[in-house]
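Quick notes on the structure that follows.
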Amino acid sequence: MLTRFAPSPTGYLHVGNIRTALICWMYTRNQNGKFLLRFDDTDLERSDIKYVDNIIEDLKWIGINWNSSFKQSERFERYNEVFLQLMKEGHIYACYETREELDTKRKLQLKQGLPPVYDKGALLLTEQEKIRYEQEGRKPHFRFKLDRNKTVKWNDEVKGEINIATIHISDPVVKREDGIYTYMLPSVIDDIDFNVTHVVRGEDHVTNTAVQIQMIQALKAKIPIFAHLPLLHFDDSKISKRKGGLDIKSIREDEIESMALTSYLAKLGTSDPIEAYIDMQSLIDSFDIKKFSSASLQFSLSEIYKLNSKVLQQMPFEMVQDRLSQIGSEFWYFIRSNIEKFSEVAKWWKICKFGIEPVVLNKEFIKIALSTLPQGDCNENTLSEWVKNIRQTIDIKAKDLFMQLRLALTGTETGPELAKLLIFIGRESIIARLEESQRIIQKV
């Protein structure tokens, strides 16, 4: 089995792209197959090496590896060879209409209540007419001639049986006036040459698939198995690179763990529950293309945030050790259940070990807190003993007492369990913080 992911390096990957890549990759890994990374960069003017690098970085970040990769720009000689072969056999023909002329034809068809399908007018041109057009300075574009008498059928692994009547499809342009190949033909040639067995992509490619099946048949090659996934929707609009969809670069900058995004995208649209995973192999083992529904999908970033904290809560110290610098396993296992983003670990470590901005509190409360702090090193019982001592001295509600202590010792109103925080802050630092608050109060 061989699947492929074929991004165009004209922009950053968005969640729709990465979902397709992830499903292609998990599918083939589940079957002990291979994964091909192909860069569709035939449009050299719009393609940029910085996007190639970014795509590679994003794929590695999410945990996807590949067995081989190439750029379409390295294969123009091969595309030209097949192009000339198809032209010689009558499958490709030259067209000389300008964009304005084609637009006029489309408008006229729509006005007449007809579908805006190319009329194959170029097939009626004589050699003299073609020569005259070229003498006028017109450069031809080239179309693949579809067999309008056939209905293209295939059994889609997600959508079931699909039937496309090509009479309703325009003969696709395979080469533009400037000599640049469009997506259609190079993709077919690559799939054939590299023996791609399964093509998994978005449902917006269903019509393209019908066209490409006829191209594959013209080249007398084996037709791969197709699976068309429903498109993701975000804020009621289709996620699209061109419409400024949610790109992976932004998600990474927002400190989403790769396994949080993977856990969500791998199960979205399936019959399985969406849960937090920290192990990619578990997702691969449970993968089944048949579980994916063809129903429309709503992408929810808030769900990924929820999964992010759950992923962090499950991560053993060994998985994060390289990211923690001097922070040990004891602090990690304490703090991981109290954070939503990984950077919060360093924030709380700093609060515990490097002090805080002093908070001005009630003078009498600070004095009593200092005098009633239990002796000896802090342990899990220190807070309960301290609270008991304070409440024996002054009349204060438990809620207010905890709030005052938390503010005095951490500078925040919320956070991890205070009883355990005291252990990491330490008795000496607790006293220093309370005394600093006392000094500030006396200056006020």
| Test: Lys420 cationic atom under 6.0 Å from Phe334 six-membered ring centre, within 45° of axis |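 So Lys420 doesn't make the cation-pi contact.
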| message | Is the positively charged end of Arg4 above the ring of Phe194, judged by distance under 6.0 angstrom from the centroid and angle within 45° of the axis? | response |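 No, a cation-pi geometry is absent between Arg4 and Phe194.
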| Would a line drawn from the ring center of Tyr93 to the ring center of Phe142 be shorter than 6.0 Å? |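 Not close enough - the centres of the two rings lie 6.0 Å or further apart.
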| field | Close aromatic pair by centroid cut-off 6.0 Å: Phe35 and Tyr27 | value |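 No: the rings miss the under 6.0 Å criterion.
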| field | Point-to-point distance, once rounded to the nearest 0.5 Å, from CG of Leu108 to OG1 of Thr104 | value |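 Answer rounded to 0.5 Å: 8.5 Å.
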| request: First locate atom NZ of Lys341, then atom CG of Leu312, and finally report the distance between them rounded to the nearest 0.5 Å. | output: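 Going from the NZ atom of Lys341 to the CG atom of Leu312 covers 11.0 Å.
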| task | Apply ring-ring contact (aromatic ring centres under 6.0 Å, His included) to His14 and Phe299, showing your working. | result | CA-CA 12 Å; His14 55 81; Phe299 178 86; over 10 Å; no
Give a yes or no answer on whether the side chain of [X] reaches the backbone of [Y] with a donor-acceptor pair at less than 3.5 Å.
X	Y	result
Thr166	Lys150	yes
Asp41	Gln72	yes
Gln214	Asp147	yes

| query | Is it the case that Ser170 and Arg143 place a side-chain donor and acceptor less than 3.5 Å from each other? | reply |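 Judged by distance alone, the side chains do not pair up.
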| request: Check the angle between the aromatic planes of Phe342 and Trp332 and answer parallel, tilted or perpendicular using the 30° and 60° thresholds. | output: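 The rings of Phe342 and Trp332 sit tilted, inter-plane angle from 30° to 60°.
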| request: Hey, can you tell me if Phe317 and Tyr333 have their rings parallel, tilted or perpendicular (30° and 60° cut-offs)? | output: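 Tilted: the ring planes of Phe317 and Tyr333 meet at 30° to 60°.
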